There are 2 protein chains.
Amino acid sequence: MRNQTNSGLKRSAATLRDVAEMAQVSTSTASRILHGGAIRVSDDTRARVVQAAESLRYRPNTLARSLRTKVTRTVGFLIPDIQNPVYAQMIAGAEEAAQAQGYALLLMNSSSGERRRAFIELLVEDRLDGLIIADATIDDQWIHRLQASGRTFVLVNRRARGNAPYVVLDDQGGSALAIQHLLDLGHRTIAYLAGPPGVETAEQRFEGALKRCQEAGLPLPPTRVASCGFNGEGVAAAVDRFFSETPEITGIATANIVIAFAAVQRLEARGLRIPSDVSVVGFHETPMATYVSPGVTTVEMPLMELGRRAMLNLLDQIAGIPVRNEVITDPKPRIVQRHSTGTPRTS
Amino acid sequence: MRNQTNSGLKRSAATLRDVAEMAQVSTSTASRILHGGAIRVSDDTRARVVQAAESLRYRPNTLARSLRTKVTRTVGFLIPDIQNPVYAQMIAGAEEAAQAQGYALLLMNSSSGERRRAFIELLVEDRLDGLIIADATIDDQWIHRLQASGRTFVLVNRRARGNAPYVVLDDQGGSALAIQHLLDLGHRTIAYLAGPPGVETAEQRFEGALKRCQEAGLPLPPTRVASCGFNGEGVAAAVDRFFSETPEITGIATANIVIAFAAVQRLEARGLRIPSDVSVVGFHETPMATYVSPGVTTVEMPLMELGRRAMLNLLDQIAGIPVRNEVITDPKPRIVQRHSTGTPRTS
DNA sequence: ATGAAAGCGCTAACAT
DNA sequence: ATGTTAGCGCTTTCAT
C-alpha cells in the first residue's frame, strides 16, 4: 500500500535511527548532535554523525518531534477574506516578526463553514503553537471556547467579551482624521458610509467620525449615515439615498477604501464631479487607490505594524511572557492626499 | 515550565487513554469506536465510550494520529503574493474541492527567503499530504528537488523541466482573444504590454497575442512590445516609449489586469482619452476592474476552475490515482466588455 | 562523552 | 466483540 505517485515510488525518508546506525552511535547521541547546539561530544563522533546525516539526506520528522516536545514553532493567521488588501499588509508585518524568532506562519481562510472551524480548533490544539485571529465575523462564543480550552491566541482589530488578548488600531482616531480633513477643506455638510453593523472596527470608525463632527458643532444625522459591506456592497443605494434626501452634501467619509471606490463610481454615475461637486475620503491604503480615477484620498493606517505587534504579542504569550492588550498608535494615521477631495462647491 | 498565558493554566487535554479508562475498555476499542465508522461493538460499550469522550471533552491528537498513519488530510497552497486577486480566485476553487473530500487547506506565502523554502520542504515532508504550487518565480531546481524526494505536488499556471505534474490555463488562447477583440473593433496598430521576462504565463500570453497578430497579417514589432511587472511596475515608462516611437497606436493589450490599470492611468496622464484615443484590454478579471474609470475591458479566465482542477489533480495523486497534466479550456476565456475599449480613432 | 530506556498519543496487526 | 502488543520518529531523563 505504498503511496504511488506518477513520479515513482516514495522512498521512505531516512530516520534518526538510520543516521545513528550508520554513524555507530545511539539515537540519543545523534539527536543531541543534530538538534542541540552546545553539547559536549568528541569531535570525532560529531563528524561521523553529521556526515551520516548528510549522506542519508536526513530530515527530522517534525511531527514526531512536535509530538514529543509539544512545540511546533508554527503559528497560524486566520483571515476572513484573502482578497482584501488590508490583510496582505498585516500578514507582511506578522510574517517578518515570526521569521525573526524562527517561527513559521501558516495562513488560513476562515470564511466558510462549521467544518473548517472544527479543523482550526484541532489544528491549534496541537499543530500550531498559537493563532492570530483577524476575523471580526467570528462569533464571540467560538473565541470563548478557544480561550476556555486554554489555547494561545490573539485577536486583531477586534475585541471579544471576556479578557481575550487583542491588538487593535486607533480606528476612532483615524476616522476622526478623515472628518478633520474634510473639515479643513471647508466641508460642512458631510455624510458617512459606515461598514457593516455589529463589526467592531466599523463601529469604532463611525464613532470617531461622529465624535469629530460633534466636536466641530456639526450634526451627522441618520439621514447622512448608511451601512454597507466592506466590499462595497450597498454603496450605490446608500449614495442614492443620501442625495435624494440631502442634496447639499459636499463631502463623504467612508469606513474603508473599497467603500470609497464604490462611492466615487456611483457619484460619477450620477453625474457628480469629484472633487468639485463632492469629496470622498477612504480609510486604509492600497496601491489600487492610485488606479481609480480620480486617485482616492485616504487615511493610511499602520497595518503592517498592527500585524507585527499582534505577532509579537502572540510570541510573548507562547514564551510565557505576560502580555498587555494594545492600541497601536505609533505610526499615526495620516492622510494620503490624492484627487478625490477638495474644497466644497459653493453653490 | 508549564505554558503560562494570561488566561491561566493550560489544562492538558484528555487523551484516548483517559477515555478508555473511564469507559473501562482498552484504548484500541476506544479508538475504533471514536474513529472508525462501521465496526462491530456492543451498543453498551459504544455508548460508554462515546459518553466518556464527551464528558472528558476528548479531542484526538492529530499529531500522534498522523505520525502513526502517515496521513494528515491537509494540503498546502503556495502563493507568491497574497495581494494578487488572481490567487484569491484560485484558492476559492481549490478550497471547495478540498473540502468536498474532507481535506483542509493551508495557505503559505512563499515570497521571501531560503529559510521559508526550507520550512516548506519540511512541512510537505510530514505535515502535509501534498502541495499546490502556484508560484512561477520558484526556480526549477527547487521543484526538482521536491520531486526527486518523492513529494506529492502539482504546479499551477506553470510548468517545470522534467515531468512535474501541472495544470495550466489556455493563456495563449485567452491572449489571442484579447487581440481578436481589438481587431474586431477595427484596430490595426496594436501594442502589447507583456509581463516579466522568464515567467511562463507571461510568455504564453505574449505568444498568443503575437500569433493572433501574425495570423491577421499584422506586425507586432519590438517597438510595440514592452515587459513590465505584474504589479504594474514599469508600465508608465513603457507607455511613454510606445507613444514616442509609434504615436499611431490605437489599441493596447496587456498581460494582466493590473498592467491594464496602470496603462489606463498613464494614458490619461498623457492626455489621451480612453477609449476614444486609445483602447486598453486587460487579462484576468477582478471586481476592481469596475472601479477604475473607465471600467476596464478584460479577458476573464477560468481561475476558479484552475484552482479546482489543481486540487483534484493533487488529491488524485494522494489517492494513488494516475493523473494527467491538464490545460484548462472549459469555461472558455471570454471578453468582459467595459468602457476601456472601442473603435479606433480615425485620424 | 555516550547509551539505555521510557514515552509523547495514537492506530492496527494479531490474538482471543 | 474486545484486548494485547508493537511501534510511528523523536527527545530526554537517568545511568555509566
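All values reported here derive from a predicted model rather than from experimental measurement. Proteins get letters first, then strands, A, B, ... in listed order; numbering begins at 1 in each. Because only heavy atoms are used, hydrogens play no part in the values below, and waters and symmetry mates are left out as well, while side chains stay in.
In this structure A:D126 satisfies the side chain to side chain donor-acceptor pair (under 3.5 Å) test together with B:T62, sequence neighbours excluded. With sequence neighbours excluded, no residue forms a salt bridge (Lys or Arg N to Asp or Glu O under 4.0 Å) with A:D139. Partners of B:R145 according to the salt bridge (Lys or Arg N to Asp or Glu O under 4.0 Å) rule, which considers only residues two or more places apart in sequence or in another chain, are B:E121. Judged as a salt bridge (Lys or Arg N to Asp or Glu O under 4.0 Å), and not counting sequence neighbours, the contacts of A:R48 are A:D44. Under the side chain to side chain donor-acceptor pair (under 3.5 Å) criterion, B:R65 pairs with no residue, sequence neighbours left out. Listed by chain and residue number, A:S26 satisfy the side chain to side chain donor-acceptor pair (under 3.5 Å) test with A:S28 (two or more places apart in sequence, or in another chain). Judged as a salt bridge (Lys or Arg N to Asp or Glu O under 4.0 Å), and not counting sequence neighbours, the contacts of A:E305 are A:R308, A:R309.
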Base-contact (B) and sugar-phosphate-only (S) positions in nucleotides 11-16 of chain C, heavy-atom cut-off under 4.0 Å, - elsewhere: BBB---
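Residue A:S42 places at least one side-chain N or O under 4.0 Å from the OP1 or OP2 atom of C:dT2.
With the nearest nucleotide of DNA chain D identified for both B:T45 and B:K70, B:T45 has the one nearer the 5' end.
Boundaries of the chain A contact region on DNA chain D are D:dG9 to D:dT13, first to last in 5' to 3' order (nucleotide atom under 4.0 Å from a heavy atom).
What separates CZ of A:R17 from P of C:dA5 is a distance of 14 Å, to the nearest Å.
The terminal axes of the helix from C:dA1-D:dT16 to C:dT16-D:dA1, fitted over 5 pairs per end, subtend an angle of 40° to the nearest 10°.
A side-chain contact (heavy atoms from CB on, under 4.5 Å) with B:N157 is found for exactly one of B:T201, B:I328, B:V167, namely B:T201.
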Show me the side-chain donor-acceptor pairs of residues 14-21 of chain A shorter than 3.5 Å, one per line, residues at least two apart or across chains.
{"unit_1": "A:T15", "atom_1": "OG1", "unit_2": "A:R17", "atom_2": "N", "d": "3.2"}
{"unit_1": "A:T15", "atom_1": "OG1", "unit_2": "A:D18", "atom_2": "N", "d": "3.3"}
{"unit_1": "A:D18", "atom_1": "OD2", "unit_2": "A:T15", "atom_2": "N", "d": "2.8"}

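The salt bridge (charged side-chain N to carboxylate O under 4.0 Å, His left out) contacts involving residues 152-165 of chain A comprise A:D140-A:R158, A:D140-A:R161, A:R159-A:E200, where partners must be two or more places apart or lie in separate chains.
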